[in-house]
Amino acid sequence: MLLEVSQLEVRYGGIRAVRLWLNGATSIGQRNNSATSTDPCHLGISVDYKFAAADYIEVQVYQASGGTLAMTSTSAEAPEFGCHWVGVG
């Protein structure tokens, strides 16, 4: 299982998205949110997936506000990435 949580700063409206990208070629999970200019945009995604030994994951975050946005950091919330072994099967 993979888990990713991120938060983008408050400045512009528009679309925010996060995607889990497998081996540079395949999306295995995606989430899109509409953002406002007054509230932070929290993006979280989790997915159960059976990986092979050589697989790798990228977390891609996208925003379409028309301006530059930074990822914000809060003490116990974001950004975070984690995974754990579910079992053989």
Query - Intermediate values then yes/no, side chain to side chain contact (heavy atoms under 4.5 Å, CB included), N23 and Y56 - result: CA-CA 5 Å; N23 298 327; Y56 68 94; 3.5 Å; yes
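Residues W21 and V61 do not share a hydrophobic cluster, defined by chaining ILVMFWY side chains whose heavy atoms lie under 4.5 Å apart.
A 4.5 Å side-chain heavy-atom check between I15 and S34 finds at least one atom pair inside the cut-off. Annotation: side chain of I28 is in contact with side chain of I57 (closest heavy-atom distance under 4.5 Å). Counting heavy atoms from C-beta outward, Y49 and L22 have side chains that approach closer than 4.5 Å.
Of all non-hydrogen atoms in G24 and E58, the two that sit nearest each other are CA-OE2, 3.5 Å.
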